[in-house]
Structure formats: C-alpha cells, structure tokens
Amino acid sequence: NTCNDYPRHTRRFADQVEQSLTLSCPEAARLALLSPNAFDFVETTLTLREETISTTRPPKGLTLDQMNEVRLFCMQVIRTEALELWQRLAVLGLFCEQLSAILAAPTDAKLRELISNFTEMIERGWVIEALGDMKPDHTTQAQIFAMLWQTKNTRTHSELQRKTMEQIAKGLGAVDESGIVGVDKLTDAYTVGVARLPDALRQAPHLLDHYLLNEMFRELFPFGDSSPYQHYLRLVTRYGLVRLMLAALCNGAERLPTPDESINVVHIFCRRYQHDQHFASHVNTALKNSGWDKLEKVYRFLRA
C-alpha cells in the first residue's frame, strides 16, 4: 500500500475524493513548487485502493461544509497577491486565533461573520496599514530556527542530504565540520542569506507560497491539530525553518542556489523534519514553554 500510495495522499471529503502530494519526494516537490499553475485544481478519474483512502470527519460542532468554507478561505489568504507572503501569514495567524475561540461554540453566523470581516480587512488594505511598522527581527528568527534545525542536524546515510546539510551549516556560520553554529556569527550570516534569498527565488517565485499551500491542502488546514491556532503555529515554524535553510544556502557559496537546489532543500526538510512526529511535538512544546507561542511574538518570526 505504501508503494502504491506514496507520495500521494488521498482523502475522502464529503462527496468527493481529494489527492495531494508529499514533498519529501523530489519529483513531487519539483512539480508542486515550480509550476505556476500547480494549485489550479482539476478533476480526473483515478483507480485507487480503498484502504489507502482516509475519510474526513468534522470536529464536534462543525459540518463538512463549514470546514470546507474555512479551509478554502485560508488557502485564498495565502494566494492573495496584493499582500506580501509574511503579511498573508500574519493575517492567517489572527484568523486562526479568533477561529479557535469561535469553535468553542460554533454557528454558521459566527463563521460567516469572521470570514466576512477578514475579507473586508484584506480588500480595504487595512492589513498593510496595520502591519506597516513591523520590522524584521533577524536575531530572533536566526536563533529560534537555528536551534530547531540543530535538533535534527545528525548524520545521514544519504550523500545528497549530507552535503546539503553541510552547506547549510556553513551558510549559518558553523565553526567547524561538526555543524555547530557559533552564536556570534549566526545573526549576521542569516541576515546576509535572507537578503539574497529573493534573488535566488526569482527563477522559482512560487516556491515558498506553494510549499505552504501544499501543506495546508494536504493536512486539511486549519483542522489538523488540537486547534486552528496550534495548526497555524506548526505551519509557521515549518515555514521559518525552510526559510532559514534556504537563506543559509544563499550564504554558503559565492553563487546563488539554482531552483533545483532550492527544491532539494524543501524535499530534504520534509524528509528529515516533517516526517518526524516527535519533532513536531518537540517544537510545539518548546515554543509553549518559552512563551513564544503567543501571536504577538510569533509575528516576529514572519518578516524577513
């Protein structure tokens, strides 16, 4: 079943069957992250094994129609071209925080009002106005995400993964072949790398937003964790870690990485970090224990 299914993920949702891809597969990552129309959904005929299809059941108090309306709105937020990606994530965080509160006693009217309010906020440009004074916090981003990266910076049998992780360590200012990153150099290295990242992504302009969209669709965001806000935290930490790894690659060599090299980083991230459920639990616990799970602090992760 694994070989028949992977890298596809198939889900029965109401009266339809949906199929998405897992980006730990290099070819799936290439298709999802490079193609401009990768998220133009299409209908097709598939032959599937029944045992490989998961069935979605709504959480208490919600219908499948309500779930569908919410998740499509969340994906539309990430596709809002009038906003920069970090601004879209900021809006999504506030939406998920308020949605989590509403789900204690959900009604159609409350959900419709919430979506309507956020739609108006975006259309009237209030998001740009509200977030205009937010400054990049490279020190926090570098230290938080480098710490998370180092928890899984262990040896691997894959030569490609080993070389990539070594390049990332070098780009973050690693002091020797151990991959340990020196704190004094970390922020400077990250700042240089993240400044070069937009140039590196000009040939793959959809890479980061398509990564987010893929994970949102595959995981039925924001209903894949204990609450929408907890799922948002998981999405943001993944995004921040991917961005850190890409920024390090931009700082680890004289030339900028090619689209294939950037895609390779995403697929390695998914294989090493995203497949490890213990890592996800560790991240959520670490953020909560350190007080970094509050939305006003999470916002410091966003703008680079």
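Residues L21 and L213 do not share a hydrophobic cluster, clusters being chains of Ile/Leu/Val/Met/Phe/Trp/Tyr side chains in contact below 4.5 Å. Under the 4.5 Å side-chain heavy-atom criterion for ILVMFWY residues, no single connected hydrophobic cluster contains both F39 and V17. By the rule that hydrophobic residues join a cluster once side-chain heavy atoms approach within less than 4.5 Å of another member, L241 and V298 end up as members of one cluster. Residues L62 and L72 do not share a hydrophobic cluster, clusters being chains of Ile/Leu/Val/Met/Phe/Trp/Tyr side chains in contact below 4.5 Å. Cluster membership for M147 and I168, using ILVMFWY side-chain heavy atoms within less than 4.5 angstrom, is shared.
Atom CZ of R162 sits about 11.5 Å away from atom CD1 of I268, to the nearest 0.5 Å. Distance check: Q66 CD to T107 OG1 gives 8.0 Å after rounding to the nearest 0.5 Å. The OG1 atom of T47 sits 11.5 Å away from the CZ atom of R49 when rounded to the nearest 0.5 Å. For the atom pair CG (L89) and CG (L83), the distance works out to 10.5 Å, reported to the nearest 0.5 Å. H206 contributes atom NE2, which lies 14.0 Å from atom CG of L212 (distance to the nearest 0.5 angstrom). In this structure, L246 CG and E261 CD are separated by 11.0 Å, a value rounded to the nearest 0.5 Å.
Counting only distance, with no hydrogens or angles, the side chain of K110 and the backbone of A105 share a donor-acceptor pair below 3.5 Å. With T52 contributing its side chain and L48 its backbone, the two residues share no donor-acceptor pair below 3.5 Å. Judged purely by atom type and a 3.5 angstrom limit, N37 has no side-chain atom pairing as donor or acceptor with the backbone of D40. Judged purely by atom type and a 3.5 angstrom limit, T285 has no side-chain atom pairing as donor or acceptor with the backbone of H282. No side-chain donor-acceptor contact under 3.5 Å links S116 to the backbone of R112. Within the 3.5 Å criterion, the main-chain N or O of K294 finds no donor-acceptor partner in the side chain of Y299. With T140 contributing its side chain and D137 its backbone, the two residues share no donor-acceptor pair below 3.5 Å. In this structure, the side chain of S227 engages the main chain of Q230 through a donor-acceptor pair within 3.5 Å. Between the side chain of Y273 and the backbone N or O of L148 there is no donor-acceptor pair closer than 3.5 Å. Without hydrogens or angle criteria, R88 side chain to I78 main chain gives a donor-acceptor distance under 3.5 Å.
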Next item on the list: Assess whether side-chain contact (heavy atoms from CB on, under 4.5 Å) is satisfied between R124 and E129, documenting all intermediate values.
Entry: CA-CA 10 Å; R124 290 182 177 270; E129 182 179 336; over 6 Å; no
Notebook entry, point to check: How far apart are the C-alpha atoms of T55 and R57, what are their side-chain angles, what is the distance that settles it, and do they pass the side-chain contact (heavy atoms from CB on, under 4.5 Å) test?
Noted result: CA-CA 7 Å; T55 299; R57 292 179 174 82; 4.1 Å; yes
Margin query: Show, in sequence, the C-alpha distance, side-chain angles and deciding distance for R30 and E27, and conclude whether the salt bridge (charged side-chain N to carboxylate O under 4.0 Å, His left out) test is met.
Written below: CA-CA 5 Å; R30 187 186 68 80; E27 180 62 12; 2.6 Å; yes
Next item on the list: Determine, stepwise, if the pair K135 / R303 fulfils side-chain contact (heavy atoms from CB on, under 4.5 Å).
Entry: CA-CA 7 Å; K135 306 297 182 185; R303 185 170 190 175; 5.7 Å; no
Next item on the list: Decide side-chain contact (heavy atoms from CB on, under 4.5 Å) for F269 and Y211; before the verdict, give the C-alpha distance in whole Å, the side-chain angles of both, and the deciding distance to 0.1 Å.
Entry: CA-CA 11 Å; F269 165 78; Y211 165 72; 3.2 Å; yes
Next item on the list: Begin from the C-alpha positions of R8 and D5 and carry the test salt bridge (charged side-chain N to carboxylate O under 4.0 Å, His left out) through to its verdict.
Entry: CA-CA 5 Å; R8 298 162 188 85; D5 197 34; over 6 Å; no
Next item on the list: Could you walk me through whether W86 and F301 pass ring pair (Phe, Tyr, Trp, His ring centres under 6.0 Å), step by step?
Entry: CA-CA 9 Å; W86 69 270; F301 296 163; over 10 Å; no
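Minimum heavy-atom separation, R11 to R218: NH1-O, 2.9 Å. Taking every heavy atom of both residues into account, G193 and C250 meet most closely at O-CB, 3.6 Å. The shortest non-hydrogen separation linking M67 to P58 is SD-CA, 3.4 Å. Scanning all heavy atoms of the two residues, the minimum distance from Y229 to D293 falls at OH-O, 2.7 Å. A pairwise comparison of heavy atoms in T80 and Q76 identifies OG1-O, 2.9 Å as the closest pair. Residues T187 and A142 come closest through the heavy atom pair CA-CB, 4.2 Å.
Judged purely by distance below 3.5 Å, without hydrogens or angles, the side chains of S24 and H275 pair a donor atom with an acceptor atom. No hydrogens or angles considered: nothing links the side chains of T63 and D65 as a donor-acceptor pair under 3.5 Å. Under the 3.5 Å distance criterion, with hydrogens and angles disregarded, a donor-acceptor pair is assigned to the side chains of T164 and N264. Side-chain N/O atoms of Q274 and E215 include a donor and acceptor closer than 3.5 Å. Using modelled atom types, one finds a donor on one side chain and an acceptor on the other under 3.5 Å when comparing E18 with Q16.
Between F217 and F41, the distance separating the two ring centers is shorter than 6.0 angstrom. Between F223 and H231, the gap from one ring centroid to the other reaches at least 6.0 Å. If you look at F95 and Y232, their ring centroids are not closer than 6.0 Å.
L92 places none of its side-chain heavy atoms less than 4.5 Å from the side chain of V236. Between D225 and L233, the closest side-chain pair of non-hydrogen atoms is not below 4.5 Å. Proximity of H9 to S54: side-chain heavy atoms (C-beta onward) are separated by under 4.5 Å at one or more points. The shortest distance between side-chain heavy atoms of M216 and C74 falls below 4.5 Å. In this structure, the side chains of H138 and V194 come closer than 4.5 Å at one or more pairs of heavy atoms. Contact of the R300 side chain with the M134 side chain is not registered, since no non-hydrogen atoms from C-beta on lie closer than 4.5 Å. Taking 4.5 Å as the limit, every side-chain heavy atom of L111 sits out of range of all side-chain heavy atoms of E69. Looking at M245 and V265, their side chains come closer than 4.5 Å, going by heavy atoms from C-beta outward.
Salt bridge absent: D209 and R79 never bring a charged side-chain N and a carboxylate O closer than 4.0 Å. The pair E219-R238 meets the salt-bridge criterion, since a charged nitrogen lies less than 4.0 angstrom from a carboxylate oxygen. Between D188 and K185 there is no salt bridge, since none of the side-chain N atoms of the basic residue sits less than 4.0 Å from a carboxylate O of the acidic one.
Other residues, nucleotides and ligands place more than 12 heavy atoms under 6.0 Å from the NZ atom of K297.
A cation-pi arrangement is present between R71 and F13 under the rule of less than 6.0 angstrom and at most 45 degrees off the ring axis.
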